[in-house]
2 protein chains.
Amino acid sequence: MPGASLQEDLAQLFKVLGDHTRIRILNALYRSELCVCDLTSILGMNQSAVSHQLRVLRDAKIVRSKKQGKNVLYNLDDSHIFDLIRIGFEHVQEGE
Amino acid sequence: MPGASLQEDLAQLFKVLGDHTRIRILNALYRSELCVCDLTSILGMNQSAVSHQLRVLRDAKIVRSKKQGKNVLYNLDDSHIFDLIRIGFEHVQEGE
DNA sequence: TCATCATATGAACGATTCGTCATATGATAA
DNA sequence: TTATCATATGACGAATCGTTCATATGATGA
């Protein structure tokens, strides 16, 4: 039985994954590293809204960021995140 | 690029996974099939609260249920759900 | 230095969500 | 049938969440 705080962490991880805007961000990052301005135009959203969500994703260790000149580049954090997204998609697809 | 509605479905799947009570339920079901009364005592919660969350999990096709006499038995829906829980735990554990 | 571009952050509003209480449904046993 | 046990559901209140607006930070180039 995993400890109670691990279970809380797991719930928190999924909670952060459980938002349409954040899934769209992760889906874009699934393909390639992108900066905030790329994501802003891909999503067609407010820059502020995108930054807010990126902060949530960073805090949850779902994405990593690194500076490059004026820009900040974002990536999925590790292979677990790729796996969660892929398996999640498989599940919702087969439900159709 | 997965369709917009698939992305919405995926966000919804994770959203339902992203709650402490529901993770505790899923964690218990990861080990074995259980009825509502088992879950109620394992979680130490209101029967009503447990039933409400089981309904959310059922609607999201994360668990399956079957009647057995007076009881209703619950299981994780399929192997994807087992995988998501296992990989999620791996991710939060390695973050420690 | 100053102007500009890219990103981050704080406050606030509207919407959603979880647990509780009360009650309903449905099955078994007497 | 009636009593009882197991489960489900509706309504409500407190808390949480996502977006927007306004503004701040921080780096580049002139």
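On a predicted model such as this, the values are computed, not experimentally measured, just so you know. All chains are named by letter (A, B, ...) in the order of the sequence lines, taking the proteins before the strands, and each is independently numbered beginning at 1.
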Rounding to an integer number of Å, can you tell me how far [X] [atom1] sits from [N] [atom2]?
X       : N      : atom1 : atom2 : result
B/Gln12 : D/dG18 : CD    : C1'   : 15 Å
A/Asn71 : C/dA8  : CG    : C1'   : 14 Å
B/Lys15 : C/dT17 : NZ    : C1'   : 9 Å
B/Asp38 : D/dA6  : CG    : P     : 10 Å

Legend entry - Shortest side-chain distance from B/Asp19, nucleotide among C/dT7, C/dC18, D/dT7: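 Per side-chain heavy atoms of B/Asp19, the pick is C/dC18.
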
Inset, instruction - Ignoring the backbone of A/Cys37, work out which of C/dT17, C/dT7, C/dG19 is nearest its side chain. - result: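 Of the options given, the side chain of A/Cys37 lies nearest C/dT7.
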
Inset, instruction - Can you sort out the partners of B/Asp78 under side chain to side chain donor-acceptor pair (under 3.5 Å), two or more places apart, ordered by chain and number? - result: A/His91, B/His80

Inset, instruction - Could you pull out all residues at least two apart from B/Arg64 that satisfy side chain to side chain donor-acceptor pair (under 3.5 Å)? - result: none

Legend entry - Matching residue for A/Val50 among A/Asp38, A/Leu39, A/Thr21 - test: side-chain contact (heavy atoms from CB on, under 4.5 Å):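 Going through the options one by one, the only one that passes is A/Leu39.
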
Legend entry - A/Tyr74 side-chain N/O to C/dA6 phosphate OP1/OP2 under 4.0 Å: no

Inset, instruction - To the nearest 10°, let me know how far the axis at one end of the helix from C/dT1-D/dA30 to C/dA30-D/dT1 is tilted from the axis at the other, five pairs an end. - result: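 Taking five pairs per end, the axes differ by 20°.
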
Inset, instruction - Could you pull out the closest heavy-atom pair between A/Tyr74 and A/Ser65, with the gap in Å? - result: CE2-CB, 3.5 Å

Legend entry - Closest approach of A/Leu84 to B/Phe14 (non-hydrogen atoms, all atoms of both residues):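 The pair with the smallest heavy-atom distance is O-CZ, 3.5 Å.
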
Legend entry - Within-4.5 Å side-chain heavy-atom neighbours: A/Lys66 and A/Val72: no

Legend entry - A/Leu13 side chain reached by B/Val92 side chain, heavy atoms, under 4.5 Å: yes

Legend entry - Contact letters for nucleotides 25-30 of chain C, in which S counts primed atoms plus P, OP1 and OP2 and B counts the base, heavy atoms under 4.0 Å: ---S--

Legend entry - Set of residues satisfying side-chain contact (heavy atoms from CB on, under 4.5 Å) with respect to A/Ser41, sequence neighbours excluded: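 Checked A/Ser41 against side-chain contact (heavy atoms from CB on, under 4.5 Å); zero matches.
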
Inset, instruction - Specify the residues of residues 43-59 of chain B, ordered by number, for which at least one heavy atom lies under 4.0 angstrom from an atom of DNA chain D. - result: B/Gln47, B/Ser48, B/Ser51, B/His52, B/Arg55, B/Arg58

Legend entry - Same cluster (ILVMFWY, side-chain, under 4.5 Å), B/Leu73 and B/Ile81: no

Inset, instruction - Without swapping roles, check the side chain of B/Arg24 against the backbone of B/Leu43 for a donor-acceptor pair under 3.5 Å. - result: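 Yes; at least one donor-acceptor contact below 3.5 Å.
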
Legend entry - Flag, side chain of A/Arg22 to backbone of A/Leu57, donor-acceptor distance under 3.5 Å: no

